[in-house]
Protein chains: 2
Amino acid sequence: MSEIESDAPPPRRPTMKDVAREAGVSTSAVSFALNNRPGVSDSTRRRVIRVADRLGWRPSSAARALSGESAGAVGMVLARPADSLGGESFFLQLVSGIQASLAPRDQALVFQMVDDVQAECELYRRWWAEGRVDGVIVVDPRVSDPRPETLAVLGLPAVIIGGMEAPGSPDAPQLPRRARLSNIWADDSGAMDLIVRHLYGLGHRRIGHIAGTPGFAHTARRIASLRAAARRLGLEHAVSVTTDFTDRQGAKAARRLFSAPVPPTALICDNEVMAVAAVSVAAERGLLIPRDVSVVSWEDSVICHTLHPQLTALVRKADEFGGRAAAQLLALLDGGAPRQLQDPLPRLESRESTGAPPA
Amino acid sequence: MSEIESDAPPPRRPTMKDVAREAGVSTSAVSFALNNRPGVSDSTRRRVIRVADRLGWRPSSAARALSGESAGAVGMVLARPADSLGGESFFLQLVSGIQASLAPRDQALVFQMVDDVQAECELYRRWWAEGRVDGVIVVDPRVSDPRPETLAVLGLPAVIIGGMEAPGSPDAPQLPRRARLSNIWADDSGAMDLIVRHLYGLGHRRIGHIAGTPGFAHTARRIASLRAAARRLGLEHAVSVTTDFTDRQGAKAARRLFSAPVPPTALICDNEVMAVAAVSVAAERGLLIPRDVSVVSWEDSVICHTLHPQLTALVRKADEFGGRAAAQLLALLDGGAPRQLQDPLPRLESRESTGAPPA
DNA sequence: CGCTGATGGTAACGCGGTTTAGTTGAATCG
DNA sequence: CGATTCAACTAAACCGCGTTACCATCAGCG
C-alpha cells in the first residue's frame, strides 16, 4: 500500500443540521422523525431516516444529555486496593454481564476504581454534579455503608449488588423516600448452609473459615451464618479468620488455623484465590487434600477446576448476576419502582477437594 | 433512625447560573474565574471559587463536551469472548493502571466488551459520532487489524497497546497522515529470547509452546520469535500450538505436545491460565515438574506463586503498563505528536517450575 | 480636557440536540 | 364561500457551558 497523500475530507461528525439540509426539512422535523414522535408524515419520516442512515448520523450523547437530562451511561466503582483483586475473576465476569445488558440499550458503562468508600461517595457526588451517569451499580456493600445514604440524598438511581440486609430486617437503614435504590441480595446464609451441610454430611465437625474483609457486609453475614449453623448442628468448633482477600493473608489465615491445638478438618475460603493459597499451605505442611483436610472455595473460576485436586466450589454465574443487576438499573431508569430481589442460591459443585475427615 | 418524613429539598445539580447569582456576577465572570482566564479581578475570582466550592459546583460534562469539543472520557474495548478471560488477571490490572493515570486528570473511562474487532470498529464509529470519548486505548492487536485504519479515518486519537510492528518494519500499515495513533509495543521477541535462553541454559533442546489465538499479533510474533531462536541456537525442535487462551484448549494443546513421539522437555505457555492447565495435564500423566518437564508462564499472577510448584513466569507490571498507555493517550489529547515507544523488557522470574531436563 | 489603553466586567452566541409555540396549506363544515 | 380544524412542518427557546465581542470605568498622558 502506498503512502496516502490526499487525506480524506476532514472527518466531521454529521449533525442533525446536515441531515435536515440533505432531507430538505428543518431540524425539528428531523428530531421528530428520528425519535418516532408525531409531527411528520410517514413519507418524510422514512426519507429522513434514510438520509440519517446514509450519513451515519448518531445523536451526540453530550447534546442529548444536555437537553434530555439523560447521560446515556451508568457508572460502576470498585473500591478495593488493586492488589486485592489479583487473581479474582469475579469482577471481570460481573462487568461482562453488566455490559451485555447495557449494550442493547446503548448505555455506556463508566468504570472507575478508587481507594475506599469515602472516595467512592465523592465520586458519586462528582458524577452526579457532572451529569455523567444516570445511575450506578454498587458492589461490595459494607456493614456500615455510607453509600446508600449518599445516593439517596443525591437522588441518583442505583442497584446495590449483594447488599443491605434482607428486606424487613431491623438493621436495614432508613433512607429518604426519594431514594431510588434497588437491591439484589445474595442469600449468603443459605449458601453457607449449603456448604456446612455438605461438610457435615461428610463427617466434618471442625470447620475453619477464611473470611474476607471484616467491613464487608457479606463477610459479616457469612461469619454469622457459619456460627449459627455450627450452633444448630452442634459442631465441635467453627472459627472464622478475616483477611483482605489476598493470597498472602489467605495463606496466613490457613497457617493460623492449621496451627491450632485442634486444627479444623475442613476449610471454607471466601474466594478462590485464598482457596488456592490454603491448598498451597496444606501442601507445605504435608497435608493431603482431601484425605487430611477438605477445602471449599466460595467462588468458582477456571483454576478451581484446572488445579489438582479440583476444588469444590460454590458456583454462581457472575455474568448473569451482573446482567440482572444492570437490567434492574435500567428498569429503575425507566421509572420503575425500586425492588428488593434475591439472587438464586448458588450451586455447590462438589469436586475432589472435599471428602471424609481423617479418622 | 426514624422514618424520614420530610424529604430534603429536591436535589438539583448546581449550575454556573447558581454560582453567578450567589456571587453577584455574570455567568461569564464565573466561567473566567473558574477556568483561570483573565477578565476578572483576583478578589472576584477568589469569591467565585469559594461560592462554587460551597455549592459543590462541577462543570456539566455534557455541556462542556458540547461546547469544548472534549468529552472528558476515554474508551477501552475488549473484543474477546467473555469465557476466554476466565482467570486472566491481566486486564483488570491493566484497567487499574489506566484508571490511576486518568483519575488525576478527571478523565472517565468508558469500558465495553464486544464479540469481535468488527463490532469494535462499529463501536468506535458510534462513540466518535456520539462524541462520547476523546480517544481510545486499543488492546490485543491482530495480525491484519482493521482498527488502526478505522481510527485513522475517524481521526480518533488512540494508543495501541502491544501493537503494530516495530517502527520501520515493512509490514507496518500505511495510515493517513491525519492518524493520531501512538503505539506502545512490547518486545515479544526479546522476551521470548529471555525464556528460551533460560531454558537452553538449563539444558533444554526440545521446547513446546502453547500459544494464544492465531489472529493476535503478539501470538504471531511470539511464534516467529521462538522459531528464530530455535534456529539460532540449533534446538532439536520447537513447536507452537495455537489456542483461544482458555484452560480447556491449553490443556488440549498440552496433551497434544506430550503425546508427540519425542515430547518437549519444556513448555512455554502464553498466559497463566494455560500454564496452570499444562501443569495439571502433566500431573495427570504422572509427569513431575520440573523433573520431567519444565513450565514457563508468559504472564504472572497470584496463582503463579501460590501454586506448588511455583511457576517460573515472565513478570510485567500490567498496571504500570496501563498507566503508561493512558499517559500516552493524555499526551496525544493534549496535542502531542504520536509516538512509538517500547515497553521495557519484562523480567523472567525463575521459580520452581523450571529445571534441568531429564537425562 | 480629550484621547488612549488597560482593567473588569457583561451581553450574546454557538455547540447539537429536544421541545414548545407558531405558521402554513388543505380539507371539512355550516 | 368564508370560517374552522387538523396535519405537517418551521421558528425559536432552552439545556449549561465556553468564548468572543463589546462596554464602562479609570489612569495616564499629551
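A note on names: the letters A, B, ... follow the listed sequences, proteins ahead of strands, and every chain is numbered from 1.
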Q | B:Gly131 versus B:Ala71, closest heavy-atom pair with distance | A | O-CB, 3.4 Å
Q.
Just to be sure I understand the rule, does A:Thr44 reach a base, reach only the sugar-phosphate, or reach nothing, if contact means heavy atoms closer than 4.0 Å?
A. sugar-phosphate
**Q.** Spacing of B:Arg47 atom CZ relative to C:dG8 atom P, expressed in whole Å
**A.** 13 Å
Q. Rounded to the nearest Å, what distance is computed from the CG atom of residue A:Asn35 to the P atom of nucleotide C:dT19?
A. 7 Å
Q | Residue pair B:Pro338 / B:Leu181: nearest heavy atoms and the distance that separates them | A | CB-O, 3.3 Å
Q. Should B:Arg64 be listed as having a side-chain N or O under 4.0 Å from OP1 or OP2 of D:dG16?
A. no
Q | Toward the 5' end of DNA chain D, by each residue's nearest nucleotide, B:Pro14 or A:Ser43 | A | A:Ser43
Q: Look at A:Ser28 and C:dT18 and indicate whether a side-chain polar atom (N or O) is within less than 4.0 Å of OP1 or OP2.
A: no
Q | Electrostatic pair A:Asp145-A:Arg147, nearest N-O below 4.0 angstrom | A | yes
**Q.** Closest heavy-atom pair and its distance - A:Val159, A:Ala325
**A.** CG2-O, 3.7 Å
Q. Between C:dT18 atom C1' and A:Asn36 atom CG, what is the distance in whole Å?
A. 15 Å
**Q.** Nearest-nucleotide comparison on DNA chain D, the residue closer to the 5′ end among B:Leu66 and B:Phe32
**A.** B:Leu66
Q. How close or far is atom P of D:dG18 from atom CD of A:Glu130, stated in whole angstroms?
A. 12 Å
Q. When we call it a touch if two heavy atoms are under 4.0 Å apart, what does B:Met16 touch: a base, just sugar-phosphate, or nothing?
A. sugar-phosphate
(Q) With a 4.0 Å cut-off on N to O distance, would you call A:Arg50 and A:Asp53 a salt bridge? (A) no
Q | Separation of atom CZ in A:Arg21 from atom P in D:dC9, rounded to whole Å | A | 19 Å
Q.
Categorize B:Arg58 for me: base, sugar-phosphate, or nothing, with a 4.0 angstrom heavy-atom threshold over every strand shown.
A. sugar-phosphate
Q: Compare side-chain N and O positions of B:Arg37 against OP1 and OP2 of D:dT19 and report whether any pair is under 4.0 Å apart.
A: yes
Q) If you look at every strand shown and take non-hydrogen atoms under 4.0 Å, does B:Ser31 touch a base, only sugar-phosphate, or nothing? A) base
Q: Using only side-chain N and O atoms of A:Trp57, determine if any of them is under 4.0 Å from OP1 or OP2 of C:dG16.
A: no
Q. What nucleotide, of D:dG16, D:dC9, D:dG18, holds the atom closest to the side chain of B:Thr15?
A. D:dG16
Q: Just call it for A:Arg13: base, sugar-phosphate, or nothing, with non-hydrogen atoms closer than 4.0 Å on any strand.
A: sugar-phosphate
Q. How close or far is atom P of D:dC17 from atom CG of B:Leu34, stated in whole angstroms?
A. 9 Å
Q. Between C:dT10 and B:Ser26, is there an OP1 or OP2 to side-chain N/O distance shorter than 4.0 Å?
A. yes
Q | Non-hydrogen atoms of A:Gly162 and A:Phe321 that approach each other most closely | A | N-CZ, 4.3 Å
Q. Think A:Lys17 has a side-chain N or O under 4.0 angstrom from the OP1 or OP2 of C:dC15?
A. yes
Q | Interatomic distance where CG belongs to A:Asp106 and C1' belongs to C:dG17 [whole Å] | A | 16 Å
Q) In whole Å, what is the span from the CG atom of A:Asp42 to the C1' atom of D:dC9? A) 15 Å
Q) Hey, which of these two, B:Arg45 or B:Ala63, hits DNA chain C nearer its 5' end, going by closest nucleotide? A) B:Arg45
